[in-house]
Structure formats: C-alpha cells, structure tokens
Amino acid sequence: MKKRLLLIVALLLLAALGYGIYLFTLKAPVVAQGETDFRMSTDQLVALYEQNEDSANRKLLNQIIEVRGAVTTVGQDSTGTSIQLSSSNPMSGVNCRFDASINEKLRRIKTGDTISVKGKCTGFLIDVNLSNCDILGN
Amino acid sequence: MKRGTRTFAVILSGLLAMAFAPQGDIYFTRDGHVSFYSKTDLEDIKADNNQAAVIFNKATGVVDVGILINAFQFKLAKMQEHFNETYMESTKYPKATFKGTLSNLAEIKFATPGVYPAKASGTLTMHGVSKPVTITEGTIEVKGNQLLMKGVFNVNPADYNIAIPAAVKDKIAKSIRIQVDCTLNPK
C-alpha cells in the first residue's frame, strides 16, 4: 500500500516537473494562435484608435483581430514581411507584421490587392499595428 | 488618460512636423527594427521589434521614435509573458518613445552617399518614466534616396522603475543593450 502511494507521488512529481519544463521551454508563437476576438474593417479599426486611444487599447490590446483591406505597401526581407493596409484616413492605416516563416505564402501579394489578415493588436503609432500576423484564404 | 495623451502628443507632433515641413526634409519608416539584448553568465535574452515608427527631419535633425512594447518577439513564451506582465506592464504602458536631436547634424552630407558617424541626445520614455539618453555610437548611411539609421545605447531597467524580482535578478543584466536599425524613406 505504502509502496503504491510512493509510486503515485513520484509519478505526480515527475508529471509536474515535465509540465514545468514544457512551460519554460515553450516557444513564443510567431503566428497569432487562437480564435479571432474581433472582426472589423480597417476603417473601423483605425477610427476606434483615432477617437480614443486609451479606450481602444482597453478593448483591443493583445486581442486577435481580423481585418480586411487594400494593400498599399509590401516590404519583405529575411526577417519577415510588413504589409500596410489602407483606411479612409489618409494619415494612418493598419501596419501588419508577418514572421519570416510565412514569407513564401506572401510572395505574390502586391499593392492594390485586397486581403484578410489576422494578427495580435499591439497598439497605435502612426497606424494601428498588428503583429504575429497570418494571411487568411482570399 | 494623461499618459496616453502625452505619448499621442509626441507622435502627433511628429505627424504635424511631417505635414508642414518642406517637401524633401522628412524621412520616415513604420517598420524600424529595434532589438534588445541582456547578457549575463546565466542567460542571454534577446527580443526583436520590427514595427518601430521613426520620423526624421534632416533639416532640423529632430528624430521621433515610437515603439509598441507588446510587439517585442522573444524566443520563449514565458520570457515574453514576464517581460510584458511583470517588468514592462505593457497593458498599462503600451508605448515607448524617444524624442531627440542629432548633435552632429552638420557633419552629415545628405547629398553625398556614404556612411557618417551620428550622435543623438534626447528623452526616452518607457514604463511611465522619462530619462535623458545619449547615443554616441550611431551611423547614418545616405544610400540612394534612403537613409539607413543605426544606433546602440544602454538602458538600466532600475532607472525606469522596472523592478526585477530577486529570484531572477542574476539572469537579467543591470544594463540592457538596445540596438536600432532602420531604413527611412522620403515622405
């Protein structure tokens, strides 16, 4: 009986240790994981930040956002891809950053295309910024 | 509210400068690369951000940088989580800004391609704290119609009220090396 209890305790400890190691070696996702929290147009997203940056951050910061918009610029190098989506505001749009691991998937995207992007909202500078982006089937 | 308004004002002043400055003086990027590096005997930690907004006026030498803390990419999920939640409190302070001036502007010949040493001084604001910062090891490369800006400086987390818990204090450097590398295009 005692032996059995010891065995169970040892197994539990081992499992906890394993889980600990798993957690501490887990890679940070380079492409946003999980369900979409908000789906909106680039106009709606930019307008939310233009109206009140603090309240937009309270609602959207670190949330997974899906936007659809027209591509204004594409920049790609070995570190990843940046795609700028326009909005009706001439000063700001949505700046989407993609990890290099999906560079190939984005190779054919060009200015003027309309695309859907899913990414993590990180806030507002000149544009609303999304990081860890993924492109959705168009 | 006040914090948000102030950081917005910094970016806004940059945008206004962009709107009113004579054509040709303003260079900018939305995709500047900023990385930081913490080196100790126990652990090397590196993170990258590829969405820094930089606005530079080559006539006045004024440079505005904005960066979103949540966009720093780490290798390990736990490190990224601690950085955002424990150290930088990035929900409360989502932005860092640098507003400064090139101190050797006259030495940079914007009409002649080449690499020029660049020095800058200004104010770095992060985690709700503003401190003067000097960048002495910078360069500006004039290349075609682009400007390639590079700079390195060190930041002590303690100066910005960033508390490092005792349990990990030997794993995080007292002085963090910040590296800026961006390609600016004319407005």
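Scanning all heavy atoms of the two residues, the minimum distance from A:Cys96 to B:Gln51 falls at C-NE2, 3.9 Å. Pairing each heavy atom of B:Phe28 with each of A:Ile126, the nearest pair is CD1-CD1, 4.4 Å. In plain terms, the two heavy atoms of A:Leu125 and B:Gly66 that are nearest each other are CD1-O, 3.4 Å.
To the nearest 0.5 Å, atom CG of residue A:Asn95 and atom CG of residue B:Asp31 are 5.0 Å apart.
Hydrophobic clustering of Ile, Leu, Val, Met, Phe, Trp and Tyr side chains at less than 4.5 Å, counting indirect connections, keeps A:Leu61 apart from B:Met88. Under the 4.5 Å side-chain heavy-atom criterion for Ile, Leu, Val, Met, Phe, Trp and Tyr, A:Val117 and A:Val94 are members of the same hydrophobic cluster. Residues B:Val168 and B:Tyr37 fall into different hydrophobic clusters, defined by Ile, Leu, Val, Met, Phe, Trp and Tyr side chains chained together at heavy-atom separations under 4.5 Å. By the criterion of side-chain heavy atoms lying less than 4.5 angstrom apart, applied directly or through intervening Ile, Leu, Val, Met, Phe, Trp or Tyr residues, B:Ile164 is grouped together with B:Phe72 in one hydrophobic cluster. Hydrophobic clustering of Ile, Leu, Val, Met, Phe, Trp and Tyr side chains at less than 4.5 Å, counting indirect connections, unites A:Leu106 with A:Val71.
Neither the backbone nor the side chain of B:Ile69 has a heavy atom closer than 4.5 Å to any heavy atom of chain A.
Taking non-hydrogen atoms and a 4.5 Å limit, the residue list of residues 14-30 of chain A in contact with chain B, ordered by number, reads A:Leu23, A:Phe24, A:Thr25, A:Leu26, A:Lys27, A:Ala28, A:Pro29, A:Val30. Contacts between residues 72-87 of chain A and chain B, defined by a heavy-atom separation under 4.5 Å, are made by A:Thr79, A:Ser82, A:Gln84.
When each of B:Ala71, B:Ala77, B:Ser90 is scored by its heavy-atom pairs under 4.5 Å with chain A, the top score falls to B:Ala77. With respect to chain B, the highest number of heavy-atom pairs below 4.5 Å among A:Asn62, A:Thr122, A:Asn132, A:Asp99 belongs to A:Thr122.
Heavy-atom neighbours of B:Lys46 NZ from other residues, nucleotides or ligands within 6.0 Å: above the threshold of 12. Within a 6.0 Å sphere centred on NZ of B:Lys174, heavy atoms belonging to other residues, nucleotides or ligands number more than 12.
In this structure, the side chains of A:Arg97 and B:Gln73 stay at 4.5 Å or more apart for every pair of heavy atoms.
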